[in-house]
Amino acid sequence: MYALVTGGAGFIGSHVAKSLLDMDIKTVVMDDLSGGFVENVPEKAEFIEMSILDYDGILNLFEKYRFSYVFHLAAYAAEGLSHFIRRFNYTNNLLGSVNLINASVLYKVNTFVFTSSIAVYGSAQTPMNESMVPVPEDPYGVSKLAVEQDLKAAHEQFGLEYIVFRPHNVYGEHQNIGDPYRNVVGIFMNKIMMGEPCPVFGDGLQTRAFTHIDDVAPVIAKSIFNAKAKQQVFNVGSDKPYSVIELAEKVQRAMGRKTGIVHLPERNEVKHAFSDHSKLQNILGYTAKIDLDEGLERMAAWVKKVGARKSKPFTNIEIKEGVPPSWLSLIEQG
Ligand SMILES: NC(=O)c1ccc[n+]([C@@H]2O[C@H](COP(=O)([O-])OP(=O)(O)OC[C@H]3O[C@@H](n4cnc5c(N)ncnc54)[C@H](O)[C@@H]3O)[C@@H](O)[C@H]2O)c1
């Protein structure tokens, strides 16, 4: 019995792969290393460097391993940047997902687990819950919702069983803190290590509930054993929202260095986004346990050990109009 974890050299995927191996499930990690690192892949996992856009490669892989479970986490998840890389976003995040869904139908995968995102809710009333009609406001959220809908259609047409998780603002060990376009906790830690202030878009009063990885990955991995989870969508993560300003203070405390805050022009983003997790508690019996201070301490200890990680800058911008100036200068340097 094999499980496939796409994006398993990335942050959440590497932890999901580890949780599967801890349950003695043989695990294959597939990742194109566009945003992940080989050293994140758990030692006992088999690693295949491949893109989810390589349909023939995927079919060969499914033929060889006959996966029972597919955990699909590979994506380019820079939500704010997705407005400006629309073709890339839909190709990678939507068509890439459809390649895996097709293969899962053809090879009769037992359960397909997909990490969607809180981005599908758009500016819905908080706390967002799964019974709300999702109205995503950016191409990243639109592609996530499209995959959710495609899974529903594939279940109805072909009987493919699936589980969807909508995480939000996950942080922790293995996160790519070198990506300048996403992962606010990582961006702050990277800046603090360089002695620079934490960059905050607008007034910094946007609120998010930040979730440590250990409150997300194990619950995703174990979900396949719960029959009641099938064909369900779950929010997963912490309940308590903090403003980005509060976060910047807490991250500086965890890193043991005060470098201050620099305000950047406001960008087009949802002001308040945090969700309700009672469905996860009721069906999967899990509530997030790690508070923000403790989680940040754990991540800071790891970051100080491994140092900053540089990722390739994303330079292939399709529409430059409206790109935040701080990103434009990075793109031009790249
Ligand atoms: N981190 C969060 O807060 C968060 C919140 C909501 C949803 N998610 C979702 O969870 C998943 C994992 O996110 P993450 O934070 O671990 O990101 P990540 O960037 O660390 O991991 C994604 C991995 O996917 C790989 N990848 C990207 N495109 C690929 C392709 N075409 N073929 C093969 N591999 C490819 C990257 O190399 C990377 O290793 C994503 O689907 C993301 O949308 C994350």
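Numbering of ligands and ligand atoms starts at 1, following listing order.
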query = Can you find a non-hydrogen atom of Tyr140 under 4.0 Å from ligand 1?
reply = yes

ask   = Taking non-hydrogen atoms only, is Ala119 closer than 4.0 angstrom to ligand 1 via side chain, backbone, both or neither?
value = neither

ask   = Is it true that Met50 lies under 4.0 Å from ligand 1, counting heavy atoms only?
value = yes

ask   = Which residue from Pro167, Gly96, Gly7 reaches closest to atom 5 (C) of ligand 1 through any of its heavy atoms?
value = Pro167

key: Distance-only N or O hit between ligand 1 and Phe11, under 3.5 Å   = yes

ask   = Should you measure from each heavy atom of Ala9, which atoms of ligand 1 turn up under 4.0 Å away?
value = 39 (O)

ask   = Judged by non-hydrogen atoms, does His174 sit under 4.0 Å from ligand 1?
value = no

key: Numbered atoms of ligand 1 (with element) below 4.0 Å of Ala75, judged on heavy atoms   = 22 (C), 24 (O), 27 (C), 40 (C), 41 (O), 43 (O)

key: Exam field: side chain His212 to backbone Gly172, donor-acceptor pair closer than 3.5 Å   = no

Contact partition for Thr115 relative to ligand 1, non-hydrogen atoms under 4.0 Å = both

inquiry  = Does atom NZ (Lys279) have a neighbourhood of more than 12 heavy atoms from anything else shown, all under 6.0 Å?
reply    = yes

ask   = Any sub-3.5 Å donor-acceptor pair from Thr27's side-chain atoms to Ile25's backbone N or O?
value = yes

request  = Please confirm whether the backbone N or O of Met128 pairs with a side-chain atom of Asn235, one donor and one acceptor, at under 3.5 Å?
outcome  = yes

Parallel, tilted or perpendicular: rings of Phe67 and Tyr65 (30°, 60°) = parallel

inquiry  = At less than 4.0 angstrom from any non-hydrogen atom of Lys144, what atoms of ligand 1 do you find?
reply    = 40 (C), 41 (O), 42 (C), 43 (O)

inquiry  = Looking at ligand 1, is there an atom of it that comes within less than 4.0 Å of some heavy atom belonging to Arg182?
reply    = yes

Ligand 1 contact by Asp31, heavy-atom criterion under 4.0 angstrom = yes

query = Is it true that a side-chain atom of Arg257 and a backbone atom of Ile192 form a donor plus acceptor pair closer than 3.5 Å?
reply = yes

message = With nothing but distance in play, are any N or O atoms of Leu73 less than 3.5 Å from an N or O of ligand 1?
response = yes

request  = Ignoring hydrogens and angles, tell me if any N or O in the side chain of Glu63 forms a donor-acceptor pair with the backbone of Tyr107 under 3.5 Å.
outcome  = no

request  = Look only at interatomic distance and state if Ser117 has a nitrogen or oxygen under 3.5 Å from any nitrogen or oxygen of ligand 1.
outcome  = no

ask   = Which of the numbered atoms in ligand 1 are below 4.0 angstrom from a heavy atom of Leu33?
value = 37 (O)

query = Is a donor on one side and an acceptor on the other found under 3.5 Å between the side chain of Asn93 and the backbone of Ala77?
reply = no

request  = Examine ligand 1 and decide if any of its atoms is less than 4.0 Å from a heavy atom belonging to Gly8.
outcome  = no

request  = Name the orientation class of the two ring planes belonging to Tyr69 and Phe225 (parallel below 30°, tilted from 30 to 60°, perpendicular beyond 60°).
outcome  = perpendicular

query = Where's the contact between Asn169 and ligand 1, heavy-atom distance under 4.0 Å: side chain, backbone, both or neither?
reply = backbone

